[in-house]
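Just so we're on the same page: letters track the sequence lines, and every chain starts at 1. Because the structure is predicted, anything quoted here is derived from the model rather than measured.
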There are 2 protein chains.
Amino acid sequence: MAVVEKSPMQTEHGRDRILRVAANLFLTKGYAETSLRTIADAAEMRPASIYHHFDSKDALLSEILDIGMHAVTTAFTAAREELGSEATGRQQLQAHVAGHLRALFANQAFTAAHVTVFPFAPADVRAASVPQRDEYEALWTDMLSHIAPGLGSDALRLTRLALFGAMNSAVQWFDHTEGSVDDLAATIVDTLWHGLAPRTGGTS
Amino acid sequence: MAVVEKSPMQTEHGRDRILRVAANLFLTKGYAETSLRTIADAAEMRPASIYHHFDSKDALLSEILDIGMHAVTTAFTAAREELGSEATGRQQLQAHVAGHLRALFANQAFTAAHVTVFPFAPADVRAASVPQRDEYEALWTDMLSHIAPGLGSDALRLTRLALFGAMNSAVQWFDHTEGSVDDLAATIVDTLWHGLAPRTGGTS
DNA sequence: GTCTATATCTTGATAGAC
DNA sequence: GTCTATCAAGATATAGAC
């Protein structure tokens, strides 16, 4: 559970190491496509040793998803506290989009696994993750309803989901080792805030 | 190859039926998670019979992806021809977003499989699909560069990818049996065109 | 806490009758 | 064109030594 705070050094042992290599393999190859042998190889141990730390492959995935959801939730509340109460709508949007994207790309793959691995996870594993996901969604719904009070609840939900879709798809095409995540956030927010329409007069 | 034009009647036989049930299973359960036995059950035949129509499970997926890409490309060019040359930028955007989303939700799951199944498909299968995907992306890049000429190539690429992410994520949360796909398209385009910023004066 | 060895099941794919 | 029967490989998981 304290994995995300630690540096991804190669001196990592046992349980934490299994979690990290498994998260990366699930993300790149998929859950069913990744065998325990592959995970064991990457963690430099034998398949049987994994069962000392986790009850099953499903339990391993479940914990990975937990850690990922915890990371984005923490990023959200941290961004909110840094903002102060006088922040403009656009500043709030910018801070939270940047926080989400930063968490998405922060060295571990726990958060990103939530995007592509979750939809195909075994039903039990998905169900266990739903409450945390709902909580996180509620944070965004609340924030968006404050900065765009004109939106009805349907449009609000749709905007949130489309924004999530746009942000989360970045795990598949954005190379965070080449570009800045904050620049990515700034561009997304700029487009979402002002739109694509030719700007006839700057409203700032 | 002519599958998408046919109605999804239960009188469907052999090859076409395999394609349709497999596409739906891959989409909901994932590729590796779906066995040939499961596909055979859903198609009401024996696993061995599938091999009379397809060389391998990979070949089956490959053809599903081909059909899906063909569907969206056809939708794009059809929308472009309906538009005429005097269409405004917003009208073009509206038509193509609606076309993409309609193709995404049109009875078969071939197109939607491209969103969630493709990333975890075997490397060979992915590689075979890349040229078609690049072609489709080029159509969008070209269209967006015309309606938003102010965007640099980096911002253009990012806008296209984020828009794709937003649209394609809808396969995971939009119930097209309850709401209208065209309404969904209208809302997405409205937000993308005008932005979330409080509107101080309508520029139409 | 990691290992060797193995049980048990499911997988994709093939052979050949009809 | 679909079937029965089966193979070989790989999967998750367990038992028990060290």
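- You'll find that the side chain of Met45(B) is closest to dT2(D), out of dT2(D), dC3(C), dG1(C).
- Side-chain nitrogen and oxygen atoms of Ser49(B) include none within less than 4.0 Å of the OP1 or OP2 phosphate oxygen of dG1(D).
- We find that Glu137(A) and Arg157(A) are not joined by a salt bridge, their nearest charged nitrogen and carboxylate oxygen being 4.0 Å or further apart.
- Looking at the side chain of His52(A), the nearest of the listed nucleotides dT2(C), dC3(D), dC3(C) is dT2(C).
- With rounding to whole Å, Phe54(A) atom CZ is found 18 Å from dT14(D) atom C1'.
- For Phe164(B) and His100(B), the gap between ring centers is short of 6.0 Å.
- In this structure, CG of Leu60(A) is placed 14 Å from C1' of dA13(D), rounded to the nearest angstrom.
- With salt bridges taken as basic N to acidic carboxylate O contacts below 4.0 Å, one links Asp190(B) and Arg90(B).
- Across all their heavy atoms, Trp140(B) and Val97(B) have their closest contact at CH2-N, 3.9 Å.
- Each of dA5(C), dA15(C), dT2(D) was ranked by its minimum atom distance to the side chain of Ala48(B); first place goes to dA15(C).
- Side-chain atoms of Lys57(B) lie closest to dG12(C) of the nucleotides dT2(C), dG12(C), dT12(D).
- For the pair Asp58(B) CG and dA13(C) C1', the interatomic distance rounds to 12 Å; values are reported in whole Å.
- What separates CG of Leu61(A) from P of dT12(D) is a distance of 12 Å, to the nearest Å.
- Across the protein-nucleic acid pair, Arg46(A) atom CZ and dT2(C) atom C1' stand 10 Å apart, rounded to whole Å.
- Taking the six-membered ring for Trp and the full ring otherwise, the centers of His114(B) and Phe26(B) sit at least 6.0 Å from each other.
- A heavy-atom distance below 4.0 Å to DNA chain C is reached by none of the residues of residues 25-41 of chain A.
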Evaluation steps, side chain to side chain contact (heavy atoms under 4.5 Å, CB included), between Gln172(A) and Leu161(B): CA-CA 10 Å; Gln172(A) 291 169 346; Leu161(B) 289 164; over 6 Å; no
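- A cation-pi contact, defined as under 6.0 Å to the ring centre and within 45° of the axis, links Arg133(A) to Phe118(A).
- OP1 or OP2 of dT2(D) sits under 4.0 Å from a side-chain N or O of His53(B).
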